[in-house]
8 protein chains.
Amino acid sequence: MPKPKVALLVGSDSDIPTMREGIEVLKKLQISYELHIYSAHRTPDQTLRFAQKAHEQGFRVIIAGAGMAAHLAGVVASHTLLPVIGVPIEGKLQGLDSLLSTVQMPKGVPVGTVAIGKTGAVNAALLAAQILALSDEELLKRIGAYRFSMGQEVLNKDKELQGNARKFFKN
Amino acid sequence: MPKPKVALLVGSDSDIPTMREGIEVLKKLQISYELHIYSAHRTPDQTLRFAQKAHEQGFRVIIAGAGMAAHLAGVVASHTLLPVIGVPIEGKLQGLDSLLSTVQMPKGVPVGTVAIGKTGAVNAALLAAQILALSDEELLKRIGAYRFSMGQEVLNKDKELQGNARKFFKN
Amino acid sequence: MPKPKVALLVGSDSDIPTMREGIEVLKKLQISYELHIYSAHRTPDQTLRFAQKAHEQGFRVIIAGAGMAAHLAGVVASHTLLPVIGVPIEGKLQGLDSLLSTVQMPKGVPVGTVAIGKTGAVNAALLAAQILALSDEELLKRIGAYRFSMGQEVLNKDKELQGNARKFFKN
Amino acid sequence: MPKPKVALLVGSDSDIPTMREGIEVLKKLQISYELHIYSAHRTPDQTLRFAQKAHEQGFRVIIAGAGMAAHLAGVVASHTLLPVIGVPIEGKLQGLDSLLSTVQMPKGVPVGTVAIGKTGAVNAALLAAQILALSDEELLKRIGAYRFSMGQEVLNKDKELQGNARKFFKN
Amino acid sequence: MPKPKVALLVGSDSDIPTMREGIEVLKKLQISYELHIYSAHRTPDQTLRFAQKAHEQGFRVIIAGAGMAAHLAGVVASHTLLPVIGVPIEGKLQGLDSLLSTVQMPKGVPVGTVAIGKTGAVNAALLAAQILALSDEELLKRIGAYRFSMGQEVLNKDKELQGNARKFFKN
Amino acid sequence: MPKPKVALLVGSDSDIPTMREGIEVLKKLQISYELHIYSAHRTPDQTLRFAQKAHEQGFRVIIAGAGMAAHLAGVVASHTLLPVIGVPIEGKLQGLDSLLSTVQMPKGVPVGTVAIGKTGAVNAALLAAQILALSDEELLKRIGAYRFSMGQEVLNKDKELQGNARKFFKN
Amino acid sequence: MPKPKVALLVGSDSDIPTMREGIEVLKKLQISYELHIYSAHRTPDQTLRFAQKAHEQGFRVIIAGAGMAAHLAGVVASHTLLPVIGVPIEGKLQGLDSLLSTVQMPKGVPVGTVAIGKTGAVNAALLAAQILALSDEELLKRIGAYRFSMGQEVLNKDKELQGNARKFFKN
Amino acid sequence: MPKPKVALLVGSDSDIPTMREGIEVLKKLQISYELHIYSAHRTPDQTLRFAQKAHEQGFRVIIAGAGMAAHLAGVVASHTLLPVIGVPIEGKLQGLDSLLSTVQMPKGVPVGTVAIGKTGAVNAALLAAQILALSDEELLKRIGAYRFSMGQEVLNKDKELQGNARKFFKN
């Protein structure tokens with residue numbers, strides 16, 4: 001039986017570097033995933049077929065990253081009942097266009113939207129992980145460890161800062 | 001042989017009053033049209049089927065009005081080669097979300113976007129008319145007459161203003 | 001054994017009417033929930049204690065709605081590994097402040113954000129339902145039925161419109 | 001007899017690089033065009049004379065690109081009944097000023113507005129092509145082929161990604 | 001010999017109530033003026049003819065108020081060397097569209113822009129007066145008196161407030 | 001010896017209702033204050049004289065509320081070394097103009113800015129109180145009690161909600 | 001007898017490069033000017049003294065350029081009856097803060113605002129020139145010549161473009 | 001007995017360079033301070049413990065700088081009665097997200113917010129100093145001297161400019 005999987009869709013190959021760190025989080029948390037390039041506008045048929053079959057193919061969460069009038073997450077969400085997480089990718093207007101196009105979904109078809117750009121990619125991966133962890137205690141522990149180490153990193157930096165502030169002041 | 005037709009799509013019946021004055025313009029210019037409620041997200045299959053068949057059904061221009069993360073015009077445009085005109089409808093954020101979701105289409109799939117709300121509905125109808133008039137000289141004359149009378153109305157108001165300013169100062 | 005539960009938190013009792021329709025969606029989908037008023041800033045201790053214990057108390061998803069510098073969802077998310085869904089509630093600046101305060105979470109602590117206001121409340125409930133349905137096939141069917149009926153409603157309105165357009169043109 | 005032509009107007013020679021890719025699309029689709037520099041504000045008389053004569057000179061669509069308080073498309077539209085497509089060009093405020101100055105045209109004189117900057121230039125060319133294709137079946141086929149190949153490019157990239165993801169992860 | 005005059009242009013009769021208080025300021029300062037309705041887009045020819053002849057007709061300052069993609073002030077400014085003052089009138093987007101369309105004029109054709117709406121109308125009148133007062137000492141005195149009384153009004157209100165605060169607290 | 005005092009300045013008497021609840025907070029916390037109407041632009045001399053003498057007159061914190069291009073807090077801050085708290089008051093653009101005019105002070109002359117409108121007025125009063133409490137232990141206790149009761153109010157509402165949700169659902 | 005003069009004030013020496021091209025316009029038009037660095041906040045007394053004496057020192061127009069919470073133009077305008085032109089200088093938020101702080105002046109004290117940044121500096125100089133030209137026919141001719149040559153430059157570029165498009169396509 | 005101290009908190013070590021110049025101001029004014037890295041979201045427990053103990057540890061003012069959905073200042077403010085100054089740090093959307101997340105605090109828990117980025121860091125330090133100076137006359141003198149020298153610097157630059165303008169015109 002296949003493990004629950006995360007589908008990562010991007011509207012263009014130029015969006016992949018933005019998603020990279022999120023993919024690394026999935027790997028670190030040992031979550032299987034597939035990454036695809038599908039455009040809501042240039043390959044609409046393939047996009048919706050993927051969305052329609054995602055559930056039966058074993059995917060459990062779909063992350064969709066797109067820029068500008070970012071319809072990808074919304075189009076996918078309208079063809080599946082899986083939870084869809086949208087990552088607004090920065091193009092013009094500093095990503096305000098993709099943020100609003102992703103988050104302001106009308107009643108009935110939700111997209112859980114995270115922050116613009118690379119930060120959002122990481123958080124999309126973590127939110128997908130937290131969703132999957134509802135039925136996977138081992139994963140929950142790994143997420144807990146990830147978050148703990150994230151906090152430790154901050155605390156270690158603070159400790160280091162108290163010892164040697166100078167190195168932190170370089171721009 | 002059917003005359004070229006305009007398809008007017010709205011994402012929700014609550015968008016129809018916004019489109020009303022645009023429909024009146026189509027009537028005045030004697031342009032046949034059909035008005036449909038199709039939601040990009042709640043009825044995605046019907047929306048795309050409509051878009052796919054619009055050309056062979058005799059439509060020549062599609063006007064799509066929707067609010068919030070307004071994907072309707074973009075979804076339609078991705079399934080047809082007919083010119084698509086998008087009307088951003090005001091919901092939240094004074095329509096900035098629907099404006100950006102409509103106008104900021106990525107490369108390859110254009111949506112000609114007009115102003116937010118009722119003004120946009122009128123201008124969408126006029127733009128559709130101007131497109132159809134490229135191969136319909138009678139329609140061109142009607143548009144010319146419409147625009148002329150629009151200008152006359154302004155000039156008449158100015159004349160009236162010179163005679164009796166008081167009535168224009170009421171809020 | 002208790003059924004998985006959704007926790008709905010609002011920062012102020014004045015936010016409850018905004019959440020109402022979302023609560024009705026949870027009821028319709030037969031999802032058990034609890035609604036609480038906890039303020040990230042005025043009752044910080046109770047808020048974080050709730051977040052810290054939410055998992056062991058059987059909650060599986062937390063929905064947090066707040067306005068202005070809306071920290072509620074973020075504060076909750078920083079004290080739990082449950083998926084947190086944020087609903088930006090409109091106060092000033094048409095909710096742009098609460099939207100950005102909710103969605104722009106820094107790396108490591110995700111909040112899945114939905115649309116501003118009542119639309120977001122409904123979509124938060126649906127997203128929570130879709131998450132819970134990953135391990136509840138009956139719920140998945142109910143969501144599917146809900147979405148199907150939502151589409152039917154659009155199609156019925158379109159059919160009605162073709163028969164009698166006039167009634168849709170009233171503002 | 002001359003073929004239908006597209007007029008491309010820019011408000012300044014510094015706007016031409018933004019329009020370049022759009023011009024390449026016109027060439028690829030074998031659409032004849034003329035490119036002119038006319039400023040709504042610095043050469044108002046020439047601009048309006050061009051607009052007034054555009055129809056009789058055989059132009060069928062006018063594309064106007066300008067930045068800041070971008071009046072070019074609107075000024076042109078007020079002197080012709082040809083369809084006018086506006087391309088907001090980025091200067092200050094990330095192009096928000098030119099977007100709003102172009103799209104928010106008052107009732108009666110429409111400008112079909114596309115995305116800010118180079119993306120908009122390409123889409124303006126495609127929208128012009130789709131308009132011209134209403135009476136040119138050969139052009140319609142070329143647009144269809146263009147769009148098909150655009151989709152294929154996405155699908156090929158996805159295929160390549162499945163085989164060798166690494167090359168896509170470079171920023 | 002005619003006195004220097006101010007021309008007040010509005011794009012629509014619906015803009016007149018916004019300009020009213022500005023007109024009252026002109027009257028109070030005994031500045032002769034003419035008010036006209038000319039639309040940059042619906043009556044472009046009349047608008048530019050007015051602008052071209054404004055100087056020889058004795059006008060010395062032109063105030064232009066318009067909403068949305070507010071081109072009126074810019075169009076006028078491109079056809080005259082008289083100082084042009086633009087009043088952005090609120091329609092959609094709280095007047096941000098008309099503000100940017102008025103103030104962000106490209107190099108070479110200035111429009112001195114004032115605040116959005118009624119406040120701007122008053123300040124446009126005062127700025128016009130200050131310009132005319134450069135060669136009219138009597139007018140300068142009247143403006144000085146106006147400003148002095150404006151300050152006195154504030155100081156009187158403060159005095160009243162110290163005596164009886166209660167009446168100021170009603171909303 | 002006079003107790004430390006708070007000076008509340010507003011740019012117009014129409015701003016007083018916005019400040020009212022903040023004044024009530026000062027009263028509740030037994031902090032003496034004076035309220036004045038001084039306009040940065042219409043009574044610049046009185047404004048700066050007040051600022052220059054505020055310290056020697058026993059004031060310890062100055063709260064300044066103004067709208068639009070809200071210069072009042074900044075002008076005051078440039079003439080005193082007392083801490084100045086700015087309250088952006090909503091006029092146009094939902095207060096975004098007054099927020100930015102107040103908070104974006106250039107290097108060297110700080111204004112501690114609080115939220116737009118009535119919420120900001122309350123928080124300005126509390127921030128002033130917290131500043132004064134640095135040297136007034138009794139005041140600190142009163143602020144602590146105020147904040148505690150504020151939290152209790154939230155908790156009581158939550159308790160009430162658990163008992164009788166219905167009354168909270170009315171809009 | 002001294003010629004009418006323009007005063008150019010900037011809030012910081014870092015603003016001078018932004019004003020440079022505007023100064024060149026003044027020189028070209030043979031308008032005498034003085035450039036000063038005065039900060040509304042760091043040198044408030046000198047700023048207001050300059051404003052108060054500007055008229056008697058022979059200045060006829062004041063141009064003030066500042067960034068962020070740009071109070072300079074407003075502070076100057078509140079201490080003089082000369083026409084004041086504000087140039088919003090870009091710092092943060094792409095100059096939106098300085099634009100709103102300059103243009104949204106409250107009733108009674110106008111600032112004629114031009115575009116953000118260098119474009120605004122040029123247009124401020126031209127607007128000042130147009131104001132001075134109301135009583136200087138020679139200057140009016142020079143402005144007319146300037147504007148004519150500006151138009152010619154556009155037309156020459158268009159001519160060049162028709163002959164050799166290639167050189168314009170380089171970015 | 002320890003001198004009153006300022007606590008400077010940042011949400012990430014990457015925020016420290018932004019705060020640097022503010023720290024230099026504290027040093028120049030001889031104000032003791034501690035700088036810590038605490039994240040509202042990644043180290044929530046340490047953050048609130050620091051806030052809860054800040055008063056008894058001798059801190060008198062807390063400066064908190066954070067980016068994006070900047071909750072740090074608000075979280076700290078909800079756990080202390082010390083005055084809290086928030087510095088919005090620029091990340092995405094030019095810092096608009098962190099500005100709104102910091103300044104738009106709901107009723108009851110104030111954060112005195114300063115400008116976005118490095119300017120804000122300097123002004124936060126000065127505002128903290130002005131607060132501490134309410135009970136430290138020597139500090140007040142040092143702030144007075146600092147502000148005087150700041151003004152002198154402007155005046156010296158103006159003097160230099162009058163002598164040799166050329167050096168100021170380099171970009």
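Owing to the predicted nature of the structure, the values given are computational and were not obtained by experimental measurement. Note on naming: letters A, B, ... go to the chains in the order of the sequence lines (proteins, then strands), and numbering restarts at 1 for each one. Values below: every heavy atom of this structure, side chains too, minus hydrogens, waters and symmetry copies.
- Comparing R60(H), E21(H), Q104(H) by heavy-atom pairs within less than 4.5 Å of chain F, the highest count is held by Q104(H).
- Contact check for L99(F) versus V103(H): side-chain heavy atoms found under the 4.5 Å cut-off.
- Summarising the geometry of G112(H) relative to L127(F), their closest heavy-atom pair is CA-CD2, 3.7 Å, with the distance given to 0.1 Å.
- Side-chain atoms of Q130(H) come within 3.5 Å of backbone atoms of L81(F) as a donor-acceptor pair (strictly under, hydrogens ignored).
- Looking at A124(H), there are no atoms closer than 4.5 Å to chain F (heavy atoms on both sides), in backbone or side chain.
- For the set I131(H), L132(H), I143(H), the count of heavy-atom pairs under 4.5 angstrom toward chain F peaks at I131(H).
- Heavy atoms of other residues, nucleotides or ligands lying less than 6.0 angstrom from CD of E153(F) number 12 at most.
- If you measure heavy-atom distances from L140(H) to chain F, the contacts under 4.5 Å come from both the backbone and the side chain.
- Within the 4.5 angstrom heavy-atom criterion, only side-chain atoms of M150(H), from C-beta onward, approach chain F.
- Residue V122(H) touches chain F through its side chain alone, counting heavy-atom pairs closer than 4.5 Å.
- S135(H) is not listed as a side-chain neighbour of L134(F), based on a closest heavy-atom distance of 4.5 Å or more.
- Across P83(F), G120(F), A129(F), the residue that shares the most heavy-atom pairs under 4.5 angstrom with chain H is P83(F).
- For R147(F), the part lying under 4.5 angstrom from a heavy atom of chain H is the side chain only.
- Heavy atoms closer than 4.5 Å to chain F are found in both the backbone and the side chain of V109(H).
- Heavy atoms closer than 4.5 Å to chain H are found nowhere in S149(F), neither backbone nor side chain.
- Heavy-atom distances place no part of A125(F) under 4.5 Å from chain H, backbone and side chain included.
- Looking at N123(F), its side chain never comes within 3.5 Å of a backbone N or O of V111(H) through a donor-acceptor pair.
- M105(F) approaches T119(H) most closely through the heavy-atom pair O-CG2, 3.3 Å.
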